[in-house]
Amino acid sequence: MTHSDKEIAKMLSHPDTVKKGFEMLVQQYSETLYWKIRHFVLYHEDADDVLQNVLMKAWMNLNSFRGDAKVSTWLYRIAVNESLDFLRKQKTALLTADEQQTVAARLMADEYFDGDEAEALLQEAVASLPDVQRMVFQMRYYDNMKYSEMSKLLDRSEGALKSSYHIAVQKVTAYIEGKH
């Protein structure tokens, strides 16, 4: 059973119903958040860890949710920030060429990955991008997100985001062409 954002937000705002509201939030948004996070961090175990962090952060910061945005938008912003934090911690140094080449192989071996070799190659190309370019590419390419929405989530200008996306597309194209 799905619940409206307004219904969940109302339950989260009252001490008597906050736990039930959070249960509804987890039930309704966990899978969607998982797949958004999975695009950013690539591997199932990492996406699970980040999702747990997102849900913990949401629970601990319920008092900061004022209802200005939809619950889903608020959660997505937390997920984006947690994903970026995860990537920054994971990559204190850039991936070496050998590590980048293993992305496709690891994805193809991952029982939760349901793509083909072309999708694995695309993911490998995307994994080679700097973190912010990767986020922008993922949001635009996979989620078809508008630059105005990305601007709010990432706190960057629309012009900078358009530029990041354009550069990311060029890099992904060059990477894939280099493999053929």
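Below, each value reflects all heavy atoms present in this structure, side chains not excepted, and no hydrogens, waters or symmetry copies.
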With Val50, the side-chain contact (heavy atoms from CB on, under 4.5 Å) member among Leu87, Val41, Leu84: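 With Val50 as partner, side-chain contact (heavy atoms from CB on, under 4.5 Å) holds for just one option, Val41.
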
Among His3, Lys20, Lys19, Lys6, which one satisfies side-chain contact (heavy atoms from CB on, under 4.5 Å) with Met11?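 Among His3, Lys20, Lys19, Lys6, the one meeting side-chain contact (heavy atoms from CB on, under 4.5 Å) with Met11 is Lys20.
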
[Y] and [X], any side-chain heavy atoms less than 4.5 Å apart:
X	Y	answer
Met135	Leu153	no
Leu129	Val136	no
Val80	Phe40	yes
Trp35	Glu31	yes

So how far is it from [X] [atom1] to [Y] [atom2], rounded to the nearest 0.5 Å?
X	Y	atom1	atom2	result
Lys57	Ile78	NZ	CD1	8.0 Å
Asp49	His44	CG	NE2	9.0 Å
Leu51	Thr32	CG	OG1	10.5 Å
Leu12	Asn63	CG	CG	11.5 Å
Phe86	Ile37	CZ	CD1	10.5 Å
Asp48	Asn53	CG	CG	11.0 Å

What is the minimum heavy-atom distance between [X] and [Y], and which atoms define it?
X	Y	result
Leu55	Ser30	CD1-OG, 3.9 Å
Tyr76	Met145	CE2-CE, 3.0 Å
Ala58	Leu75	CB-CD2, 3.8 Å
Ala79	Leu33	CB-CD2, 3.9 Å
Ala125	Ser128	O-OG, 2.5 Å

Do you reckon Ile167 sits in the same ILVMFWY cluster as Leu161, going by side-chain contacts under 4.5 Å, direct or chained?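 Different hydrophobic clusters.
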
For residues 138-148, which residue pairs pass the salt bridge (Lys or Arg N to Asp or Glu O under 4.0 Å) check, not counting sequence neighbours?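 Matches after skipping sequence neighbours: Lys36-Asp143.
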
Considering only residues two or more places apart or on different chains, which pairs with a residue in residues 152-172 satisfy side chain to side chain donor-acceptor pair (under 3.5 Å)?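 Qualifying pairs, neighbours excluded: Gln133-Lys171, His166-Gln170.
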
From CA spacing to verdict: side chain to side chain contact (heavy atoms under 4.5 Å, CB included), Val71, Tyr29: CA-CA 9 Å; Val71 172; Tyr29 296 111; 4.0 Å; yes

I would like to know whether Gln27 and Glu23 meet side chain to side chain contact (heavy atoms under 4.5 Å, CB included); could you show each step before the answer? CA-CA 6 Å; Gln27 181 181 15; Glu23 287 172 16; over 6 Å; no

May I have the step-by-step check of side chain to side chain contact (heavy atoms under 4.5 Å, CB included) for Leu25 and Phe22, ending in yes or no? CA-CA 5 Å; Leu25 174 150; Phe22 193 75; 3.9 Å; yes

Before giving the answer on side chain to side chain contact (heavy atoms under 4.5 Å, CB included), spell out for Met24 and Glu7 the whole-Å C-alpha distance, their side-chain angles and the decisive distance to 0.1 Å. CA-CA 10 Å; Met24 290 165 50; Glu7 183 180 356; 4.0 Å; yes

